[in-house]
K.L.:
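Before we start, here is the structure in question, set down as structure tokens.
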Amino acid sequence: MKITGLTINCMEYQQAFWMSSASANQVYNNRFCIVVRILTDEGIVGIGEADYPGGPPSSVVAVLEKELGPSLIGRDPLNIQAIWDDMYYMHIQHSRVGIHMHAISGIDIALWDIAGKAAGLPCYKLWGGHHNVIPAYSSGGMYYGRPGENPDGMMGMEEEMALTKRMGFQGYKMKVGKPTLTLRQDIARVRYARESLGPDVDLMVDANCTWDLPRAYQYLPYLEELGVKFLEEPFQLNCPQSYKKLTEQTRLPLAGSENESSIYGFMELMDAGVYYVQPNVCRVGGPTNMRRIMTLIDLNERVFAPHAWSSIICMTADMHLMATTRRHYMLEYDINPSAFREELITNPYPFQDGSYTIPDRPGLGLELNQETLKKHTVYSAEVR
């Protein structure tokens, strides 16, 4: 089997609402998704996704179209490790982190989809399956509205509590630390979530790398009192000393980091005390590198808690990886309405009582909805 081509669809979805994270300057109403498809001379098509590291998606698209894509033509798609090594080491001046690793991820996911289809096995069985039922938690709690429209941060909270309970999620994650809110207002949001969901539903908070140690110390007593499961990304990636210091001051576990794309960065984070480890398969170099990171997580007796905040392709790859290990946290399920979740595919996995069941379809087992793909594509490219 030989690779004959690569297609790239950069898609944009305009939300009907505005939202922001804990960052003061990030308010948006659009989402992006980069779908990668690898074509073969045997008619097998692999589907993958590449994320984009905060900047314009066109930067990742350029690497796929102009640099990595042409190097794939004529190669055996089953030589996945050799292809990964070439993509990484032949471009190592700019491949260790960031844009290049995001692009590698999309290709690597698609190659593993091809491998599963060629073998007639779902990816999780190809990797040595463990189980096929993956529980999920609802991930939302954004600061909704444009600046000035949501002064106490409570907009949308009631609806998200109802949705979380209706769908049977066993956990809920929300943002904390917006500088336009007072500490009292922000903690009121967390307390409302705890009281609405009850003591048996996991409650997590995410500070989006916006705090320093004094800010963390302000929040810590309240988060401990409310029984928060973990505190995600309180500090920037270049501040492992702050993670280490905070873990010495609390029994509240720390989580991170969706923003890391280097295996060495995850080693550093675990050394600093991060317990729930959150690689994103569309950012770290795909399943090939994700599985290395998973081994390190297991050897360091930490918990694999993959990040997913883009499309159903990312979520699905995460599920297959989670299904290969006995020790993982729940799947992250972005509960904001998005065309890039169920609308992007024609055959969603069974979902009941807050859990997905992975069917025995070859590869990732996804079929793209061509209408959705066409409707939301803002740029497409083909490499032959």
Side-chain angles (χ1 to χ4, degrees), residues 19-24 26 51 53-54 135-143 153 160 164 169-179 181 186-187 189-190 193-194 197 201-213 215-220 222-224 226-240 242-247 249-261 265-266 268-270 272-284 293 297 300 302-310 314-315 318 322 328-336:
M19 64 185 186
S20 63
S21 65
S23 172
Q26 188 186 42
D51 210 337
Y137 69 88
S138 64
S139 183
M142 305 291 288
Y143 297 94
E160 289 194 351
T164 295
F169 292 113
Q170 293 302 303
Y172 172 75
K173 187 169 75 179
M174 62 186 296
K175 306 299 182 181
V176 291
K178 192 75 171 179
L181 270 65
D186 217 15
I187 291 300
R189 297 170 66 251
V190 184
R194 169 52 75 211
L197 297 173
V201 175
D202 286 357
L203 177 61
M204 294 74 71
V205 296
D206 180 4
N208 293 121
C209 303
T210 59
W211 291 356
D212 55 17
L213 277 168
R215 184 72 163 160
Y217 290 148
Q218 283 183 309
Y219 274 81
L220 213 53
Y222 301 100
L223 301 180
E224 291 173 339
L226 293 169
V228 166
K229 181 78 173 180
F230 62 67
L231 167 61
E232 180 175 334
E233 290 193 325
F235 313 116
Q236 290 287 340
L237 287 179
N238 57 356
C239 299
S242 293
Y243 281 90
K244 185 172 180 58
K245 185 70 173 178
L246 193 61
T247 58
Q249 305 296 319
T250 180
R251 292 184 178 180
L252 176 62
L254 302 186
S257 167
E258 68 196 63
N259 294 300
E260 181 58 70
S261 54
F266 283 103
E268 186 176 52
L269 283 167
M270 284 187 277
V274 168
Y275 187 71
Y276 289 91
V277 186
Q278 300 174 302
N280 183 313
V281 69
C282 298
R283 299 177 180 179
V284 300
I293 296 168
I297 293 170
N300 282 276
R302 307 302 164 88
V303 176
F304 178 49
H307 171 262
W309 188 262
S310 49
C314 178
M315 292 173 63
D318 276 347
M322 295 168 78
H328 61 74
Y329 191 58
M330 293 182 277
L331 175 75
E332 183 169 18
Y333 185 112
D334 169 18
I335 57 175
N336 292 285

K.L.:
Please name the pair of heavy atoms, one in Thr164 and one in Gly171, separated by the smallest distance, quoted to 0.1 Å.
P.N.:
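Taking Thr164 first and Gly171 second, the nearest heavy atoms are CG2-O, 4.1 Å.
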
K.L.:
When you measure from the side chain of Gln236 to the backbone of Cys209, do you find a donor-acceptor pair of N or O atoms at a distance under 3.5 Å?
P.N.:
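Yes; at least one donor-acceptor contact below 3.5 Å.
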
K.L.:
Is there a side-chain contact between Tyr276 and Lys229 in this structure, where contact means two heavy atoms from C-beta onward sitting under 4.5 Å apart?
P.N.:
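Yes - at least one pair of side-chain heavy atoms lies under 4.5 Å apart.
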
K.L.:
Not counting sequence neighbours, which residues clear side chain to side chain donor-acceptor pair (under 3.5 Å) with Lys173? List them please.
P.N.:
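Listed in chain order: Tyr137, Glu232, Glu332.
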
K.L.:
Using side-chain heavy atoms (C-beta onward) and a distance below 4.5 Å, is Glu268 in contact with Pro240?
P.N.:
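Heavy-atom side-chain distance check passes, below 4.5 Å.
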
K.L.:
First locate atom CG of Leu254, then atom NZ of Lys244, and finally report the distance between them rounded to the nearest 0.5 Å.
P.N.:
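The NZ atom of Lys244 is 12.0 Å from CG of Leu254, to the nearest 0.5 Å.
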
K.L.:
Have Ser138 and Glu160 got a donor and an acceptor in their side chains that come within less than 3.5 Å?
P.N.:
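No pair is found: no donor N or O on one side chain lies under 3.5 Å from an acceptor on the other.
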
K.L.:
In Å and rounded to the nearest 0.5 Å, what is the CD to CD distance from Glu260 to Gln278?
P.N.:
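Here the interatomic distance stands at 12.5 Å.
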
K.L.:
Mind listing the closest non-hydrogen atom pair of Cys282 and Cys314 along with its distance?
P.N.:
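Nearest pair, atom of Cys282 first, then Cys314: SG-CB, 3.5 Å.
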
K.L.:
According to side chain to side chain donor-acceptor pair (under 3.5 Å), who are the partners of Asp206, at least two apart in sequence or on a separate chain?
P.N.:
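Asp206 satisfies side chain to side chain donor-acceptor pair (under 3.5 Å) with Lys175, Asn208 once adjacent residues are dropped.
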
K.L.:
Would you compute the distance between atom CG of Asp202 and atom OH of Tyr172 and round it to the nearest 0.5 angstrom?
P.N.:
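Here the rounded value is 14.0 Å.
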
K.L.:
Determine the minimum heavy-atom distance between Leu237 and Ser257, stating which atoms define it.
P.N.:
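Smallest interatomic distance, heavy atoms only, reads CD2-OG, 3.0 Å.
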
K.L.:
How long is the span from the CZ atom in Arg194 to the CG atom in Leu223, to the nearest 0.5 Å?
P.N.:
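Going from CZ on Arg194 over to CG on Leu223, the span is 11.0 Å.
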
K.L.:
Using the test side chain to side chain donor-acceptor pair (under 3.5 Å), find all partners of Tyr143 that sit at least two apart in sequence or belong to another chain.
P.N.:
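Asp186, Arg189.
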
K.L.:
Could you state the interatomic distance from CG (Asn259) to CG (Leu269), rounded to the nearest 0.5 Å?
P.N.:
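It comes to 10.0 Å.
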
K.L.:
With the side chain counted from C-beta on, respond yes when Trp309 and Glu258 share a heavy-atom pair under 4.5 Å apart, and no when they do not.
P.N.:
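They are not in side-chain contact.
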
K.L.:
Can you tell me which residue among Phe235, Tyr243, Tyr219 is in a ring pair (Phe, Tyr, Trp, His ring centres under 6.0 Å) with Trp211?
P.N.:
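Among Phe235, Tyr243, Tyr219, the one that satisfies the ring pair (Phe, Tyr, Trp, His ring centres under 6.0 Å) with Trp211 is Tyr219.
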
K.L.:
Between Arg302 (side chain only) and Val277 (backbone N and O only), is there a donor and an acceptor less than 3.5 Å apart?
P.N.:
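Absent.
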
K.L.:
Please give me the minimum heavy-atom distance between Pro234 and Leu246, naming the atom from each residue.
P.N.:
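Shortest heavy-atom separation between Pro234 and Leu246 comes out as CG-CD2, 4.3 Å.
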
K.L.:
Provide the closest heavy-atom pair for Leu213 versus Ser242 in the form atom of the first, atom of the second, distance.
P.N.:
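Minimum heavy-atom separation between Leu213 and Ser242: CD2-O, 3.8 Å.
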
